[in-house]
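Note that the structure is a prediction, hence the values are computed from the model and not measured. Only this structure's heavy atoms are used, side chains among them; waters, hydrogens and symmetry mates stay out.
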Number of protein chains: 2
Amino acid sequence: MSGKAGQGRKFDLDEALEAATLVFWDHGYEGTSLAELTQAMGINPPSLYKAFGSKEELFFSVVDHYNATHGNFMAIAFAEETTGLTLMRRLLLEAAEHYASTTYPGGCLVISAAVTVTATNRHVANRLAKMRNDNINAMAEALTRDRDAGHIPPDTDTKAMAAFIGATLQGMSQQARDGATQDDLKRIAHYAITAIGA
Amino acid sequence: MSGKAGQGRKFDLDEALEAATLVFWDHGYEGTSLAELTQAMGINPPSLYKAFGSKEELFFSVVDHYNATHGNFMAIAFAEETTGLTLMRRLLLEAAEHYASTTYPGGCLVISAAVTVTATNRHVANRLAKMRNDNINAMAEALTRDRDAGHIPPDTDTKAMAAFIGATLQGMSQQARDGATQDDLKRIAHYAITAIGA
DNA sequence: ACATACGTGTAGCGATCACTACAAGAAAGA
DNA sequence: TCTTTCTTGTAGTGATCGCTACACGTATGT
């Protein structure tokens, strides 16, 4: 009663997920067709649907995969940095390297993959927007802990400061897609770092 | 030999262009279908193609219309402000008002309408990217004039400063689409203003 | 060896995409 | 009035969209 009968999957789930990630990262959610996905993943539509459910479910599996791999520098920084200011500094500088990497699509998948969408797919864009806002809120909380600990002035608007850093990161992502180099982004990052005294 | 025979156009070009602008602004280039456009414009496909050529040509007519109307606060600020720093300050504060206006779609059409696109429409995204980069270069030139006039330190990296303001504006545009209010954006703007000493 | 269970490839589903052929209708010139 | 010239609405074009029915093949369990 332990094992299951049947043919068993013929392709590697993680490899297929990574291939789909690169396509979605480059062309966005609606800009990527199933034909493109199946070709990049090396499988046919029925295999894709069997393994991932639908284009939308595959996309959010891709988002999870992205957050756990290419985008995990964010979560690692959140876990390792002990103060809000050093966290902001590290996020900005590491984003500059990742967003303008020459071996992967430019920018951040969560920031760019579903900015404008068809009316029927608005909920997909909304879900990514919530992830962006959640990230800003997490930055604000880290800065609030700094404030409570006396590391930054007690009248600091930590929500506004986090939104400012978030805006800078989002702008860096777009400029990476627009052709900016890692050096270009680092110079932007340093302006933001100086602005908040980090 | 002066006048021309024929029926003459039955709809107003500018009204149709404005209606198309609101749809493209909201859903982006590829997220907007011809059915949506014709319904919003109150005309049928043949009239649209007769007047504007194609979906792509209509879109760039819309971009021109946008720059001449909703987005003209940028060109006006460029023309009226006498120093680079006051120009940056004005762009940031006015963008905060425009991007989070409650009577129009959020953000800036040039920034958000074609971030990720199908492979066949990459040239559309590239054209908007060039407009964004041209805008940053124009900001850099204004700041370089400031530097040459001695208003800002002689070792100022004006290109980097302009890229930083451009990134802030682009981030503000996305956060407006993500639900930020005019107040939220103004607080972001003030961080950037303080950062460059404007 | 046999039966069972699963994934896979082929081939095509209805819906929607951007776009257009065509004829009817309406205004201007003679 | 009659002809010319232009725009308009109807109705569709081929192509592509996301998705799936179904038979085949291949593996496992007994």
Quiz item: Which hydrophobic side chains are connected to B/Val115, either touching it within the sub-4.5 Å cutoff or through other members that do?
Solution: A/Val115

Self-check item: Out of D/dC6, C/dT8, D/dC19, whichever nucleotide has its closest atom nearest the side chain of A/Ser54
Solution: D/dC19

Quiz item: Where the side chain of B/Lys55 is defined as all heavy atoms beyond and including C-beta, which of C/dC19, D/dT7, C/dT8 is the nearest nucleotide?
Solution: C/dC19

Quiz prompt | Pairs flagged by salt bridge (charged side-chain N to carboxylate O under 4.0 Å, His left out) wherever residues 137-152 of chain A is involved - sequence neighbours left out | solution = none

Exercise. Nearest whole angstrom, please: distance from the P of D/dT7 to the CG of B/Leu13.
Key: 11 Å

Exercise. Quick one: which residue pairs count as a ring-ring contact (aromatic ring centres under 6.0 Å, His included) with a foot in residues 141-160 of chain B, not counting sequence neighbours?
Key: none

Quiz item: Which pairs count as side chain to side chain donor-acceptor pair (under 3.5 Å) when at least one residue sits in residues 32-44 of chain B, sequence neighbours excluded?
Solution: B/His27-B/Glu36

Quiz item: Which residue pairs satisfy the salt bridge (charged side-chain N to carboxylate O under 4.0 Å, His left out) criterion with at least one member in residues 13-35 of chain A, sequence neighbours excluded?
Solution: A/Asp26-B/Arg122

Practice problem: Test the B/Lys55-B/Tyr29 pair against the cation-pi criterion, namely NZ or CZ under 6.0 angstrom from the six-membered ring centroid and within 45° of the ring axis. | Solution: yes

Exercise. Write out all pairs satisfying ring-ring contact (aromatic ring centres under 6.0 Å, His included) with one or both partners inside residues 165-198 of chain A, taking only residues at least two apart or from two chains.
Key: A/Tyr191-B/Phe164

Quiz prompt | Distance, rounded to the nearest Å, where B/Asp12 contributes CG and D/dT7 contributes C1' | solution = 16 Å

Exercise. Go through residues 19-48 of chain B and report each residue with a non-hydrogen atom lying under 4.0 Å from DNA chain C, sorted by number.
Key: B/Thr32, B/Ser33, B/Leu34, B/Pro45, B/Pro46

Quiz item: Which of residues 112-121 of chain A have a heavy atom under 4.0 Å from DNA chain C?
Solution: none

Practice problem: Round to a whole Å and report the spacing from CD of A/Glu56 to P of D/dC17. | Solution: 18 Å

Quiz item: Roughly, in whole Å, what's the span from CD in B/Gln7 to C1' in D/dT7?
Solution: 4 Å

Quiz item: Would you say a side-chain N or O of A/Tyr49 is under 4.0 Å from OP1 or OP2 of D/dT20?
Solution: no

Quiz item: Do B/Asn126 and B/Lys130 have side-chain heavy atoms sitting under 4.5 Å apart?
Solution: no

Practice problem: Sorted by first residue and then second, give each salt bridge (charged side-chain N to carboxylate O under 4.0 Å, His left out) pair with at least one member in residues 68-81 of chain B; sequence neighbours left out. | Solution: B/Glu80-B/Arg90, B/Glu81-B/Arg90

Quiz prompt | Shortest side-chain distance from B/Lys50, nucleotide among C/dC19, D/dG25, D/dT7 | solution = D/dT7

Quiz item: Out of C/dA26, C/dC6, D/dG18, which nucleotide sits closest to the side chain of B/Lys10?
Solution: C/dA26

